[in-house]
A.B. asks: 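A single structure is presented below for examination.
In what follows, chains are A, B, ... by sequence order, proteins preceding strands, each numbered from 1.
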Amino acid sequence: MPTLALSKAITAGLRKAMEDDDKVVLIGEDIGKLGGVFRVTEGLQKDFGQRRVIDAPLAESGIVGTSIGMAIRGYRPVIEIQFDAFIYPAYDQIVTQLAKLHNRTRGHESLPVVIRVPYGGGIGSPEHHSESPEAVFAHHAGLRIISPSTPHDAYWMIQEAIDSPDPVMFFEPKRRYWLRGEVDTDNRGPGPHTAQVVTEGTDVTLVAYGPLMPTAADVVAAAADEGTSVELIDLRSLNPIDFDTIEASVKKTGRLVVTHEAPVFLGLGAEIAARITERSFYHLEAPVLRVGGFHTPYPGSKLEHHYLPDLDRILDGVDRVLAY
Amino acid sequence: MPTLALSKAITAGLRKAMEDDDKVVLIGEDIGKLGGVFRVTEGLQKDFGQRRVIDAPLAESGIVGTSIGMAIRGYRPVIEIQFDAFIYPAYDQIVTQLAKLHNRTRGHESLPVVIRVPYGGGIGSPEHHSESPEAVFAHHAGLRIISPSTPHDAYWMIQEAIDSPDPVMFFEPKRRYWLRGEVDTDNRGPGPHTAQVVTEGTDVTLVAYGPLMPTAADVVAAAADEGTSVELIDLRSLNPIDFDTIEASVKKTGRLVVTHEAPVFLGLGAEIAARITERSFYHLEAPVLRVGGFHTPYPGSKLEHHYLPDLDRILDGVDRVLAY
Amino acid sequence: MTSNIAQASDSRTSSEPRMIQMLTPDGERISSGEYDAFAAELDDEDLRGFYKDMVLVRRVDAEGNALQRQGQLGLWAPLLGQEAAQIGMGRALRPQDFVFPTYREHGVAWCRGVAPETLLGLFRGQNHGGWDPQEHNFHTYTIVIGSQTLHATGYAMGVGLDGEVGTGDPARDTATVACFGDGATSQGDVSEALTFAGAFNAPVLFFCQNNQWAISEPTSVQTRVPLFMRGQGFGVPGVRVDGNDIIAMYAVARASLDSVRAGHGPMLIEAFTYRMGAHTTADDPTKYRDAATTEAWAAKDPITRLRAHLESLGTPEEFFVEVDAEADALAARIRENCISMAEPDPAEIFAYAYREPHSLVEEERAEYLDYLASFEDSTEGAR
Amino acid sequence: MTSNIAQASDSRTSSEPRMIQMLTPDGERISSGEYDAFAAELDDEDLRGFYKDMVLVRRVDAEGNALQRQGQLGLWAPLLGQEAAQIGMGRALRPQDFVFPTYREHGVAWCRGVAPETLLGLFRGQNHGGWDPQEHNFHTYTIVIGSQTLHATGYAMGVGLDGEVGTGDPARDTATVACFGDGATSQGDVSEALTFAGAFNAPVLFFCQNNQWAISEPTSVQTRVPLFMRGQGFGVPGVRVDGNDIIAMYAVARASLDSVRAGHGPMLIEAFTYRMGAHTTADDPTKYRDAATTEAWAAKDPITRLRAHLESLGTPEEFFVEVDAEADALAARIRENCISMAEPDPAEIFAYAYREPHSLVEEERAEYLDYLASFEDSTEGAR
Ligand SMILES: Cc1ncc(C[n+]2csc(CCOP(=O)(O)OP(=O)(O)O)c2C)c(N)n1
Ligand SMILES: Cc1ncc(C[n+]2csc(CCOP(=O)(O)OP(=O)(O)O)c2C)c(N)n1
Ligand SMILES: [Mg+2]
Ligand SMILES: [Mg+2]
């Protein structure tokens with residue numbers, strides 16, 4: 001079992017998918033010789049050629065729109081968006097075309113397009129390089145959205161994304177690209193749309209995903225020191241959300257905290273809070289609490305540690321939910 | 001007090017704003033001679049000229065982007081987007097530029113731009129003409145979002161939107177354009193960001209906005225027949241949301257149903273449910289229930305009556321929340 | 001001095017652009033230089049075929065308008081006046097070519113074998129299109145202006161990756177056609193399509209039907225230079241053709257498609273035509289344009305023009321009578337098939353959101369169908 | 001036959017385009033036709049001013065790199081090699097003109113009186129820009145590629161509405177400058193900016209610095225025709241200028257700005273130059289380009305070139321020594337001011353989301369500041 005950095009696990013997954021199916025092509029800005037600004041596609045153009053690893057003109061709508069066309073022609077394009085906020089020029093192609101063509105053609109057309117989006121903050125970047133836009137895509141039907149938090153999941157989930165006949169947005173926790181972990185290349189996980197109980201616990205359920213998973217693990221440890229048993233769930237799939245797994249946990253613990261870097265207001269936590277409250281009303285000892293970004297633009301990097309949920313803020317949430 | 005159709009109340013509000021401030025300019029597709037596809041700008045080009053009522057090239061990003069530039073030059077552009085889903089090509093300019101320039105310039109620059117968006121379904125239109133995209137804009141900080149449901153509010157709120165130094169998205173309930181009502185041109189309402197209790201009640205609180213307000217009023221009447229007293233709140237402001245008014249009501253009734261045409265999943269109802277549950281946990285007799293659109297593309301018009309929350313579906317929600 | 005600089009390089013000052021024409025409004029056949037060769041192969045039978053196509057799609061169009069007026073359709077987007085542009089292009093295509101249409105491409109659809117009834121699903125509100133693009137090499141209609149030009153370009157890039165271009169084999173070399181209007185040229189997506197097409201030398205033909213209007217906006221709102229020039233700065237050469245002249249349309253389309261298939265790179269055709277009807281049945285053109293201009297264009301009608309030419313070639317009167325009869329029969333069939341369309345099943349709403357099962361959609365479907373079923377015994381029924 | 005058609009109208013086949021140059025890489029002054037007149041007014045003092053500007057901004061740039069390496073900045077975007085393009089444009093502006101920059105316009109910023117320290121806020125992560133655009137008629141930097149070209153066009157449309165164009169009064173007529181790179185030309189927004197500029201005859205000058213690279217992508221990834229042509233199909237004439245030749249840059253900028261201010265419509269300048277450094281300090285150009293090309297461009301260096309010319313004009317050695325001393329002092333000042341910048345206050349996060357009070361932001365601010373305060377007596381402290 002190799003130990004890989006999360007970014008390199010994605011590289012390995014991409015490589016595997018490209019070997020398995022020569023209809024898989026990569027397209028994006030600077031993904032060729034440079035290997036992408038995070039080096040996720042490093043070496044792939046050298047090995048698979050310029051026809052399968054395509055440096056695109058600097059136009060995100062064009063990249064998504066032409067990928068749709070390539071998919072209609074029988075290809076399985078995997079797009080790299082350079083940074084989270086640079087996906088917005090492609091918003092229209094994603095939500096009115098990519099997400100809707102299967103429906104528009106009454107199922108005749110499938111759109112196996114993957115959009116890789118490095119997202120989240122914490123790497124000291126300037127404006128537009130640290131956002132977490134998952135919620136605005138999850139609101140639109142037609143897209144699947146997943147986000148790995150470990151190298152093992154990264155390796156498998158990127159392949160599952162590419163295999164999917166539905167369009168998949170693959171959100172990569174960029175500040176965890178350097179997180180190393182074992183990748184079991186023989187045994188895949190529970191499938192892309194299942195949440196996973198990472199640590200069992202009895203007092204509070206904590207739901208996190210992507211970049212906040214390591215922070216959440218720290219919370220579990222710190223809470224244990226204080227005598228609180230936290231059950232930690234890695235959401236993994238952001239659309240659909242595996243409410244069954246969360247519900248089962250909350251029916252056990254009676255308390256739920258959800259954390260994400262995205263703004264709390266209308267973030268995924270809102271939906272999880274609303275739906276879990278509906279499903280487990282009589283089991284909840286406290287309202288579902290959310291710890292996340294503020295309703296402000298993501299700040300300059302000197303201030304981002306205030307914006308991002310950290311150990312203390314999430315612990316504070318755990319304490320508050322226990323105080324009910 | 002004149003009685004006006006909602007669309008004409010907006011026209012009157014626009015006219016008033018243009019008379020009061022010659023920096024107010026209108027820009028959009030087909031808003032000149034045609035007066036817009038819904039005739040909201042009818043007569044305004046004739047009266048204010050082509051320099052103040054500008055037919056733009058067919059490019060929404062361009063319309064929003066150049067409006068930003070005009071605002072920087074000192075104008076107060078009021079944009080018409082032709083139909084809801086045609087706003088997506090402008091998504092990037094709206095969320096990364098319009099919403100963020102005040103912050104980027106540390107308050108030096110104000111962006112008094114209004115984006116008028118006819119939204120919602122129920123008028124038998126083809127794809128892309130019936131969507132309710134308010135939630136994906138509300139998630140981004142920097143935009144104010146309001147939606148009138150009566151001609152009186154339409155008249156005043158469009159003027160308040162134009163007066164605002166912040167960018168405002170003005171969502172117009174297009175299937176209610178023909179709804180007539182009295183407009184008191186001397187007395188404005190409670191301000192654009194206040195929710196209003198439309199009908200007082202004691203058993204359940206019902207929150208709606210824009211196009212569903214008349215339907216919600218029918219629900220109040222039908223519920224009354226069944227002996228249920230529903231307190232109806234017109235949200236009016238979608239960002240910020242006036243949680244105080246909802247909370248006060250829910251602390252009285254103990255039950256809350258939220259309805260909107262937008263998909264339930266990550267719609268405004270999710271945030272309202274999450275936050276009101278947090279604020280009123282011990283007062284709630286039942287989970288907050290939501291009645292809204294499905295997680296599917298908006299269907300063809302022959303099927304839209306299934307998709308849209310109607311009297312029966314909302315009543316069903318009221319019944320379900322009472323059954324707890 | 002200043003204005004000299006401006007003028008020196010100002011392309012606005014160029015004179016009226018060349019427009020390829022082979023059939024005058026009076027039906028007289030004229031030469032048009034290098035494109036003549038592509039019309040040379042057309043015999044009288046071909047021309048009668050064109051005539052029939054145009055008359056039939058005009059009848060389809062009239063029936064669309066009528067069905068909308070009678071409440072059978074929610075909307076109709078008429079192609080009146082654009083028959084030559086569309087049939088000329090449609091008939092120049094080979095089976096393996098692939099077309100990405102707007103919402104007004106009823107004539108091209110006709111040539112691709114999409115039954116007119118099939119188009120009605122969208123306009124009646126049964127669905128949003130629903131046909132199988134691969135069956136006809138004709139994509140579903142696109143409503144969001146300009147989007148489809150990127151799909152066409154991407155498809156063509158795929159054709160390039162497949163090597164189905166420049167092989168010299170007429171059964172393999174494949175062109176992709178991106179249809180769009182004059183208004184669409186302003187959308188960023190269309191420029192990005194030109195960018196990608198140029199950068200990747202994609203075998204795509206940009207087919208702009210300049211019908212002079214984007215709803216109420218004349219082309220001058222979009223551009224101050226002729227639209228056939230739009231691609232020049234992207235490396236996509238363009239040509240303007242009389243879009244009401246089916247012979248010129250066919251010849252220019254043939255020439256351009258051949259060039260594209262041969263791998264010489266993307267090209268752009270501006271078919272100069274006129275939207276004789278309303279934008280859609282929801283539109284009222286009297287609000288924004290005067291009857292005189294429309295009448296002037298009526299004198300350039302593509303069908304009248306070809307009929308005059310066919311008559312000059314000695315086509316017997318019976319031919320025209322037969323075509324009209326066929327049109328009547330077609331109209332009756334369409335009407336019948338439209339009216340008899342079944343109400344769509346509410347389960348359809350949930351059927352195609354995703355191809356693979358999706359837990360949320362399944363939950364909502366089950367809940368809603370249960371909810372509907374709960375009315376079954378009641379007198380109310382769901383509306 | 002087919003390929004004849006393609007070639008006949010294929011603009012790719014045009015020969016090497018004309019590039020305006022007035023100072024050869026060796027520093028020799030040459031004539032460049034109609035643009036000479038705009039350089040004629042430059043006296044030796046002006047040229048020495050240009051030299052000083054270029055040396056100073058190059059030093060600002062070097063200091064930016066150094067501060068980043070030392071951890072004082074999160075990032076720096078070097079302008080190395082583009083000094084002539086930017087100072088040439090910057091010095092051709094009038095006070096009332098307005099500039100919309102990218103993130104690399106340190107030279108133009110310099111000319112607009114924005115202190116280099118002010119630029120550092122963004123690169124240090126103190127804020128996202130933060131200066132007052134109206135104070136300098138120079139907007140804050142824009143990172144999202146191409147967006148600012150629409151703002152510039154809209155601003156220019158506003159200038160047009162104000163009537164501050166074509167009056168003949170040099171203190172009133174106003175040009176707006178839209179800065180962008182070669183990569184940016186592919187963005188739909190840039191094409192839409194050209195569309196609006198053409199359609200509204202907006203007094204905007206499109207200023208493309210073609211530095212041959214968009215991060216790792218050479219210009220050939222974006223286009224197969226020269227970029228000065230990009231505006232032609234939108235009615236925006238273009239000219240290519242040697243972007244490493246400050247005299248030509250100044251002359252072409254002056255000529256174009258005059259034309260724009262006079263109301264002759266939008267224009268485009270392609271400044272042909274080279275990004276000598278990395279894209280940003282986060283980039284490693286050895287991954288994608290060979291040193292030889294960069295070296296070849298080093299021989300065309302804008303500063304060396306002007307220095308050679310100044311020397312040939314007899315400029316005394318002391319002048320160059322003085323400029324270097326001034327550069328040293330500037331660098332020291334910048335360093336000092338950078339290092340002494342105060343940590344931003346967390347309340348800043350909430351301060352400018354909206355201009356008017358917003359209940360949610362106020363609630364979140366109060367909660368978070370309370371939360372922070374709760375650490376004040378504890379040993380931990382908020383990190
Ligand atoms: C992105 C977008 N914006 C606006 C519309 C509304 N709309 C539908 S058709 C149309 C005019 C299109 O004009 P043109 O491209 O010339 O095509 P034509 O209708 O003349 O065939 C407009 C503005 C749309 N469908 N999509
Ligand atoms: C919409 C968007 N996509 C991607 C990026 C990432 N990015 C930053 S600079 C750059 C290259 C820009 O190249 P060019 O326009 O030539 O300007 P230069 O950096 O050479 O000055 C890219 C891709 C971005 N900032 N915005
Ligand atoms: Mg048109
Ligand atoms: Mg560049």
A.B. asks: Under a 4.5 Å heavy-atom cut-off, does chain C meet the side chain of A:Asp55, its backbone, both or neither?
C.D. replies: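 Contact with chain C involves the backbone of A:Asp55 alone.
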
A.B. asks: Between A:Arg15 and A:Asp47, is there a side-chain N and carboxylate O pair less than 4.0 Å apart?
C.D. replies: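 Salt bridge between A:Arg15 and A:Asp47, a charged N being under 4.0 Å from a carboxylate O: yes.
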
A.B. asks: Side chain from CB out, backbone as N, CA, C, O: work out which of these in C:Gln148 comes under 4.5 Å of a heavy atom of chain A, or both, or neither.
C.D. replies: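 No part of C:Gln148 comes within 4.5 Å of chain A.
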
A.B. asks: So do the side chains of A:Pro133 and A:Tyr88 get within less than 4.5 Å of each other, counting heavy atoms only?
C.D. replies: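 Yes - at least one pair of side-chain heavy atoms lies under 4.5 Å apart.
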
A.B. asks: Indicate the ring-plane relationship of A:His140 and A:Tyr91, choosing parallel, tilted or perpendicular according to the 30° and 60° boundaries.
C.D. replies: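 Ring orientation of A:His140 relative to A:Tyr91: perpendicular.
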
A.B. asks: Heavy atoms only, distances under 4.5 angstrom: which of A:Asp242, A:Val25, A:Asp244, A:Ile63 has the most pairs with chain C? Name it, please.
C.D. replies: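 When all of A:Asp242, A:Val25, A:Asp244, A:Ile63 are compared, A:Ile63 has the most.
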
A.B. asks: Identify which of C:Thr195, C:Asp189, C:Leu161 forms the greatest number of heavy-atom pairs closer than 4.5 Å to chain A.
C.D. replies: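 Looking at each of C:Thr195, C:Asp189, C:Leu161 in turn, C:Leu161 comes out on top.
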
A.B. asks: For chain A, which of C:Glu192, C:His151, C:Glu356 has the most heavy-atom pairs under 4.5 Å?
C.D. replies: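 That would be C:His151.
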
A.B. asks: I need the residue from A:Thr96, A:Leu143, A:Val64 with the largest number of non-hydrogen atom pairs under 4.5 Å to chain C.
C.D. replies: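 Counting heavy-atom pairs under 4.5 Å, the top option is A:Leu143.
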
A.B. asks: May I ask you to say whether A:Glu247 pairs ionically with A:Arg275, meaning some side-chain N is under 4.0 Å from a carboxylate O?
C.D. replies: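 No, no charged N to carboxylate O under 4.0 Å.
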
A.B. asks: Using a cut-off of under 4.5 Å on heavy-atom pairs, state which of C:Leu150, C:Val144, C:Asn127, C:Thr153 scores highest against chain A.
C.D. replies: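 Heavy-atom pair counts peak at C:Leu150.
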
A.B. asks: So, are A:Glu29 and A:Arg116 salt-bridged, with charged N and O less than 4.0 Å apart?
C.D. replies: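 No, A:Glu29 and A:Arg116 are not salt-bridged.
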
A.B. asks: For C:Val159, is it the side chain, the backbone, both or neither that has a heavy atom under 4.5 Å from a heavy atom of chain A?
C.D. replies: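 Answer is both: backbone and side chain atoms of C:Val159 are under 4.5 Å from chain A.
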
A.B. asks: Quick test of your reading of the model: are C:Arg261 and C:Asp258 salt-bridged, counting only N-O distances below 4.0 Å?
C.D. replies: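 Result for this pair is yes, salt bridge flagged.
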
A.B. asks: Could you check which of C:Gln134, C:Arg355, C:Glu348, C:Glu363 has the highest count of heavy-atom pairs closer than 4.5 Å to chain A?
C.D. replies: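 Top option by heavy-atom pairs under 4.5 Å: C:Arg355.
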
A.B. asks: Run the ring pair (Phe, Tyr, Trp, His ring centres under 6.0 Å) check on C:Trp131 and C:His139 step by step: do they pass?
C.D. replies: CA-CA 8 Å; C:Trp131 62 88; C:His139 207 264; 8.5 Å; no

A.B. asks: Could you have a look at C:Ser147, C:Gly129, C:Ala199, C:Gly160 and say which one has the most heavy-atom pairs with chain A under 4.5 angstrom?
C.D. replies: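 Of C:Ser147, C:Gly129, C:Ala199, C:Gly160, C:Ser147 has the most heavy-atom pairs under 4.5 Å with chain A.
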
A.B. asks: For C:Ala193, is it the side chain, the backbone, both, or neither that has a heavy atom closer than 4.5 Å to a heavy atom of chain A?
C.D. replies: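 No part of it gets close to chain A.
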
A.B. asks: Please work out whether the ring planes of C:Tyr141 and C:Phe138 are parallel, tilted or perpendicular, with thresholds of 30° and 60°.
C.D. replies: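 Because their plane-to-plane angle is over 60°, the rings of C:Tyr141 and C:Phe138 count as perpendicular.
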
A.B. asks: To the nearest 0.5 Å, what is the distance between CG (C:Asn337) and OG1 (C:Thr118)?
C.D. replies: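 Here the interatomic distance stands at 9.0 Å.
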
A.B. asks: Which one, A:Lys100, A:Lys23, A:His102, A:His193, leads in non-hydrogen pairs under 4.5 Å with chain C?
C.D. replies: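 The answer is A:His102.
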
A.B. asks: Which atoms of C:Gln126 are under 4.5 Å from chain A, going by heavy atoms: the side chain, the backbone, both sets, or neither?
C.D. replies: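 Neither part; nothing is under 4.5 Å.
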
A.B. asks: I need the residue from A:Ser61, A:Ala141, A:Gly107 with the largest number of non-hydrogen atom pairs under 4.5 Å to chain C.
C.D. replies: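 When all of A:Ser61, A:Ala141, A:Gly107 are compared, A:Ser61 has the most.
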
A.B. asks: With a 4.5 angstrom heavy-atom cut-off, which part of C:Thr140 approaches chain A: side chain, backbone, both or neither?
C.D. replies: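 It is the side chain, since no backbone atom gets that close.
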
A.B. asks: Would you call A:Arg144 and A:Asp166 a salt bridge, taking side-chain N to carboxylate O under 4.0 Å as the test?
C.D. replies: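 Salt bridge flag = yes for A:Asp166 with A:Arg144.
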
A.B. asks: Of the listed residues (C:Leu360, C:Leu122, C:Asp162), which shares the most heavy-atom pairs with chain A below a 4.5 Å separation?
C.D. replies: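 Ranked by heavy-atom pairs under 4.5 Å with chain A, first place is C:Asp162.
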
A.B. asks: Which answer fits C:Glu135, side chain, backbone, both or neither, if we ask what part of it has an atom under 4.5 Å from a heavy atom of chain A?
C.D. replies: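 No part of C:Glu135 comes within 4.5 Å of chain A.
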
A.B. asks: Using heavy-atom distances under 4.5 Å, tell me whether C:Asp132 contacts chain A through its side chain, its backbone, both, or neither.
C.D. replies: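 Both backbone and side chain of C:Asp132 come within 4.5 Å of chain A.
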
A.B. asks: Check whether the side chains of C:Glu362 and C:Ser359 place a donor and an acceptor atom closer than 3.5 Å, and report yes or no.
C.D. replies: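 On atom types as modelled, these side chains do not qualify, holding no pair under 3.5 Å.
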
